[in-house]
There are 2 protein chains.
Amino acid sequence: MNDMLKKLGLRATPQRLAILKLLQGNTAHPSAEEIYNKLKPDFPSLSLTTVYNTLESLAEGGMIQEIRIDCSRRRFDPNPQPHYHFLCNKCRRVFDLDINLINFDIPKQVGDFWVEGCFVNFYGYCMDCK
Amino acid sequence: MNDMLKKLGLRATPQRLAILKLLQGNTAHPSAEEIYNKLKPDFPSLSLTTVYNTLESLAEGGMIQEIRIDCSRRRFDPNPQPHYHFLCNKCRRVFDLDINLINFDIPKQVGDFWVEGCFVNFYGYCMDCK
DNA sequence: ATTAGTGCAAACACTTTGCACGGGT
DNA sequence: ACCCGTGCAAAGTGTTTGCACTAAT
């Protein structure tokens, strides 16, 4: 993890390492505040600002991705690969979806628009809420 | 428009009619605040609360749809049909996309999840910003 | 020594809530 | 007379900013 940060030109501070460690393999797509609350007990000096800064830097460096599925909060995913997400209408949790949408080619240009990418977000009810 | 409101069990107030009229054929996907600002000069007593209430009711009744593409603000579209949207990374405007994604079937169930629907949102740069 | 990074408090933008008043039905 | 709808002010939520201090290189 130390090397990852170095690669992005970021200093390896304890805060960043803690955030990275918590994110590692995490499939809960936590928000900044959730990360902060999880880390705060063991890291009393941590500030929300730092969590935001770190997530911003990591996302910018492509090490994590920001999920734009639940508009009420920014969510982050340690898996930088493009994949699909599912938002539960009831409990508001976000899950990874293990599907392939065949024949779904993203056009590079549509009319006058220069397309950089797209989000495909599913919603409904999760196993616990349906 | 009077009838539309009646059909939803909503009283035809001047505020609602003004909002409906402004929305009519509008492809700018305005936010509540944008609608409020447009209407305020000709309708000084209008309140933001009423704009929110009205948009909420109309969306609930299926007369308009809420667009979840720009997480920094709620946006509304008078076209209740499902269609694709494009968000410009620079000017933050939202456009309708006139494309059909063939062979894109939404699965009703994925793993343990009960899928109600999905959003497909494109982003990039618009004609003015690219 | 330099400068990136941190943490606090305050500011922010958008949205929601509580509530008294007013106007259709 | 009822009660839906309005508009104000205040509260709420998640995020961002300014800035002095701290610590990594």
Side-chain angles (χ1 to χ4, degrees), chain A residues 1-20 22 29-61 63-64 66-76 87 92 94, chain B residues 1-20 22 29-61 63-64 66-76 87 92 94:
Chain A
M1 289 190 320
N2 229 295
D3 301 340
M4 287 185 180
L5 291 170
K6 216 163 262 171
K7 208 172 293 172
L8 299 183
L10 300 173
R11 289 181 185 172
T13 66
Q15 291 87 335
R16 283 173 176 164
L17 291 171
I19 293 170
L20 265 179
L22 183 135
H29 311 88
S31 67
E33 203 141 9
E34 283 161 359
I35 293 171
Y36 173 76
N37 289 331
K38 277 258 173 64
L39 255 29
K40 189 74 175 175
D42 294 325
F43 208 138
S45 81
L46 183 67
S47 78
L48 237 191
T49 307
T50 297
V51 177
Y52 275 109
N53 286 342
T54 297
L55 292 169
E56 194 79 44
S57 304
L58 294 175
E60 206 163 293
M63 193 170 296
I64 65 175
E66 184 177 347
I67 306 297
R68 309 190 202 173
I69 187 173
D70 178 2
C71 283
S72 71
R73 43 168 42 83
R74 301 173 69 180
R75 291 178 167 280
F76 298 87
L87 172 67
R92 297 262 114 196
V94 174
Chain B
M1 290 191 318
N2 228 294
D3 301 339
M4 287 186 179
L5 291 171
K6 217 163 267 175
K7 207 172 295 173
L8 299 183
L10 300 172
R11 289 184 186 167
T13 66
Q15 291 86 335
R16 284 172 174 165
L17 290 170
I19 293 169
L20 265 179
L22 183 136
H29 311 88
S31 66
E33 202 142 8
E34 282 160 0
I35 293 171
Y36 172 76
N37 288 332
K38 278 258 173 61
L39 256 29
K40 190 72 174 173
D42 294 326
F43 208 138
S45 81
L46 185 66
S47 79
L48 238 191
T49 307
T50 296
V51 177
Y52 275 108
N53 287 342
T54 297
L55 293 170
E56 195 78 42
S57 305
L58 294 175
E60 206 163 292
M63 194 171 295
I64 65 175
E66 183 176 347
I67 306 296
R68 310 190 201 174
I69 185 172
D70 178 1
C71 284
S72 72
R73 41 165 52 78
R74 300 173 69 181
R75 291 177 168 281
F76 298 87
L87 171 68
R92 296 263 114 194
V94 174

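Labels below follow one simple rule: chain letters A, B, ... track the order of the sequence lines, proteins then strands, and each chain is numbered from 1.
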Exercise for review: Give the C-alpha distance, both sets of side-chain angles, the deciding distance and a yes or no for side chain to side chain contact (heavy atoms under 4.5 Å, CB included) between A:L55 and A:I35.
Suggested key: CA-CA 10 Å; A:L55 292 169; A:I35 293 171; 3.9 Å; yes

Exercise for review: Using only side-chain N and O atoms of B:T50, determine if any of them is under 4.0 Å from OP1 or OP2 of D:dG5.
Suggested key: no

Review point. Is there any salt bridge (charged side-chain N to carboxylate O under 4.0 Å, His left out) pair reaching into residues 45-59 of chain B, and which pairs are they, with sequence neighbours excluded?
Key: B:E56-B:R74

Review point. Rounded to the Å, how far apart are B:Q15 CD and C:dG22 P?
Key: 14 Å

Check your understanding: Among residues 36-47 of chain B, which residues get a heavy atom nearer than 4.0 Å to DNA chain D?
Key -> B:S45, B:L46, B:S47

Exercise for review: Quick one: which residue pairs count as a side chain to side chain donor-acceptor pair (under 3.5 Å) with a foot in residues 3-20 of chain B, not counting sequence neighbours?
Suggested key: none

Practice item. Report the residues that fulfil side-chain hydrogen bond (donor to acceptor under 3.5 Å, both in side chains) with A:D70, sequence neighbours left out, ordered by chain and then residue number. Key: A:S72, A:R92

Review point. Which pairs with one or both residues in residues 38-51 of chain A pass side chain to side chain donor-acceptor pair (under 3.5 Å), sequence neighbours excluded?
Key: A:Y36-A:K40, A:S47-A:T50

**Study point:** Nucleotide-resolved protein contact map, nucleotides 10-25 of chain D, B/S/- at heavy-atom distance under 4.0 Å
**Key:** ----SBBB------BS

Review point. Rounded to the nearest Å, what distance is computed from the CZ atom of residue B:R16 to the P atom of nucleotide C:dG23?
Key: 16 Å

Exercise for review: Please examine the side chains of A:L20 and A:L5, heavy atoms only from C-beta on, and report whether any two atoms are closer than 4.5 Å.
Suggested key: yes

Point to revise | Whole-Å gap separating C1' (C:dA13) and CZ (B:R92) | key: 14 Å

Check your understanding: Does the side chain of B:L87 reach to within under 4.5 Å of the side chain of A:R68, using non-hydrogen atoms?
Key -> yes

Review point. At their closest point, which heavy atom of B:E34 faces which heavy atom of B:R75, and how far apart are they?
Key: OE1-NH1, 3.9 Å

